[in-house]
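Every heavy atom of this structure was used, including side-chain atoms; hydrogens, water molecules and symmetry mates were not. Everything quoted here is computed from the prediction, not taken from an experiment. Chain naming here is simple, since letters A, B, ... match the order of the sequence lines and numbering starts at 1 in each.
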2 protein chains.
Amino acid sequence: MTPLVRAFVSHFGEMGSRWGINRTVGQIYALIYVSQRALNADEIGEALEFSRSNVSMGLKELQAWRLVQLRHLSGDRREYFEAPGNAWEVFRTLAEERRRREIEPTLSMLRSALMEEAGNEEDRHAQARMRDMHTLIEQLTNWFDDIQRLDSATLSKLMGMGATVHKLLDFTDKFKRDKR
Amino acid sequence: MTPLVRAFVSHFGEMGSRWGINRTVGQIYALIYVSQRALNADEIGEALEFSRSNVSMGLKELQAWRLVQLRHLSGDRREYFEAPGNAWEVFRTLAEERRRREIEPTLSMLRSALMEEAGNEEDRHAQARMRDMHTLIEQLTNWFDDIQRLDSATLSKLMGMGATVHKLLDFTDKFKRDKR
DNA sequence: ACGAAGTTTCAGGCATTTCTGAAAACTCAG
DNA sequence: CTGAGTTTTCAGAAATGCCTGAAACTTCGT
């Protein structure tokens, strides 16, 4: 590993631990991400100085997150791994997985708590707070879904506009009002 | 604690650990969040069965995240804590803090890696991948900043539109073209 | 200035998570 | 079916992170 790659990999290790992903997994991903060609488990283990079994577990987890793809090179029985190249795609995948693992369970917990009959003032207040949270999360995730459905051209146009969206919205408001 | 609150609190404990925030901190926040009135450290410790010092550390961390506010009740020397009520506000705060702690350091690491002179093919490729990542993160955070600057009325209008934004964009494209 | 009430710090014990090496299991060519 | 090459599993060692109680510190009323 060159010093450049080493710095990148080690930063991802640190960051990984802040994200509930462990250091090893973060480093493995980082290495695969910047690598020119697909890597096999031995190469990864050697570069990062992890045991073979640790690499195997890390790769399993990265596959579960769909952040890494298995490939077979012809004439080689070993498994090679590479990271999907399109950064947007990666972001999407990450968002989907986090949603599935974190958002959905939280929403379902909130829904079931909101179904309960609140027997006292305290519970009624708690439910009101939970309802706020539920509403916000649903709003955000629905919006995110909608956005995600846009093709990337439209999306980048939208993002390029940034805060000027509000002018557009004002404008259409006026337009609608004039028509009436 | 009622069973309703207990369920909520314990879910947040679990989720906390997936987010790099520890279980205790998650539970303390959850308890304060659903509580009707501000709580002091002893009340929290008693409800959750944590030691007094553990509560103190947890509260310190929550204050660092700006998720919890200190209040003094008149005629009581103890410190009381409450969670800001507006869910949007909370989301914003969370996003800002995560940005400061995770995104900014990553961007600055990437920038400095991109300044390096790449001596070989491998590093050149790594830099290209890092550039992709840098571009994506900047795009996303800039956009997020813009959005955040919108007042909540405009924001909810925008979110309400969801994917139909693209119609609006098509429309303005056409409009501009006609004017030319 | 003192003491009571309250909060924070921190070293060490405890618990959880991560990592390893050995062994088991799988895969495929011959 | 055999065995070489490869991956996975898993029990326990190592590392990390968490929690506690005791002590230090802070604040405030008298």
Side-chain angles (χ1 to χ4, degrees), chain A residues 9-32 37-65 68-82 101-102, chain B residues 9-32 37-65 68-82 101-102:
Chain A
V9 161
S10 108
H11 179 90
F12 260 70
E14 306 295 320
M15 278 307 156
S17 31
R18 295 207 186 177
W19 268 71
I21 280 167
N22 87 36
R23 170 198 307 280
T24 316
V25 175
Q27 295 189 197
I28 296 175
Y29 179 70
L31 181 64
I32 296 175
R37 55 188 193 75
L39 302 175
N40 67 44
D42 284 316
E43 290 168 328
I44 295 169
E46 184 162 2
L48 301 176
E49 301 182 297
F50 297 154
S51 73
R52 185 63 189 69
S53 53
N54 198 3
V55 174
S56 168
M57 284 177 158
L59 287 170
K60 215 178 80 179
E61 187 162 351
L62 286 171
Q63 281 174 285
W65 279 90
V68 124
Q69 262 174 0
L70 178 61
R71 277 191 52 186
H72 277 106
L73 265 53
S74 59
D76 192 334
R77 259 169 66 185
R78 283 170 297 183
E79 298 183 328
Y80 283 78
F81 296 87
E82 63 187 359
R101 292 161 194 236
E102 290 155 23
Chain B
V9 162
S10 108
H11 179 90
F12 259 70
E14 306 295 319
M15 277 308 157
S17 31
R18 294 206 189 179
W19 268 71
I21 279 167
N22 87 36
R23 170 197 307 279
T24 316
V25 174
Q27 295 189 195
I28 295 176
Y29 179 72
L31 181 64
I32 296 175
R37 54 187 194 75
L39 301 174
N40 66 45
D42 284 316
E43 290 169 329
I44 295 168
E46 185 162 359
L48 301 176
E49 301 182 296
F50 296 154
S51 74
R52 184 64 188 67
S53 53
N54 197 2
V55 173
S56 167
M57 282 176 158
L59 287 170
K60 215 178 81 179
E61 187 162 350
L62 286 171
Q63 282 174 284
W65 279 90
V68 124
Q69 262 173 1
L70 178 60
R71 276 192 52 188
H72 277 105
L73 265 53
S74 58
D76 191 334
R77 258 169 69 186
R78 282 171 295 184
E79 297 183 328
Y80 283 77
F81 295 88
E82 63 187 1
R101 294 162 193 235
E102 290 155 20

Using a cut-off of strictly less than 4.0 Å, decide whether B:R78 has a side-chain nitrogen or oxygen near OP1 or OP2 of C:dG6. yes
If you look at every heavy atom in B:A30 and B:F12, which pair is closest and at what distance? CB-CB, 3.6 Å
Could you state the atom-to-atom distance from CE of A:M57 to P of C:dT20 in whole Å? 11 Å
Whole Å only: how far is the CZ atom of B:F81 from the C1' atom of C:dG6? 11 Å
Check B:R78 with B:E43, please: is the shortest side-chain N to carboxylate O separation under 4.0 Å? no
Any side-chain heavy-atom pair of A:I21 and A:Y29 under 4.5 Å: no
Nearest-angstrom distance from the residue atom CG of B:L62 to P of C:dT8: 13 Å
Atom CD of B:E49 and atom P of D:dG21 are separated, to the nearest Å, by 13 Å
To the side chain of A:N54, which of C:dC28, C:dC19, D:dT8 is closest? C:dC19
Are any of B:K60's side-chain N or O atoms less than 4.0 Å away from OP1 or OP2 of C:dT9? yes
Short side-chain N/O contact to C:dT8 OP1/OP2 from B:S56, under 4.0 Å: yes
Taking CG from B:L48 and P from D:dC19, how many angstroms apart are they, rounded to a whole number? 11 Å
Rounded to whole angstrom units, what separation is found between the CD atom of B:E79 and the C1' atom of C:dT8? 10 Å
Atom-pair distance (CZ on A:F50; P on D:dA15), nearest Å: 14 Å
Are A:M57 and A:L59 side-chain neighbours, meaning at least one heavy-atom pair lies under 4.5 Å? no
Is the distance from OP1 or OP2 of C:dT7 to the nearest side-chain N or O of B:R52 less than 4.0 Å? yes
Could you state the CG-C1' distance from A:L59 to C:dT18, rounded to the nearest angstrom? 16 Å
5' precedence on DNA chain C between A:S51 and B:Q63 (nearest-nucleotide basis): B:Q63
Between B:R101 and B:A64, what is the shortest heavy-atom contact and its length? NH2-O, 3.2 Å
Taking A:R18 first and then B:E102, would you say they form a salt bridge - that is, a charged N and a carboxylate O separated by under 4.0 Å? no
For B:Q63, look at atom CD and say whether over 12 heavy atoms of other residues, nucleotides or ligands are found less than 6.0 Å away. yes
Ordered by number, residues from residues 11-29 of chain A within less than 4.0 Å of DNA chain C (heavy atoms) are A:N22, A:T24
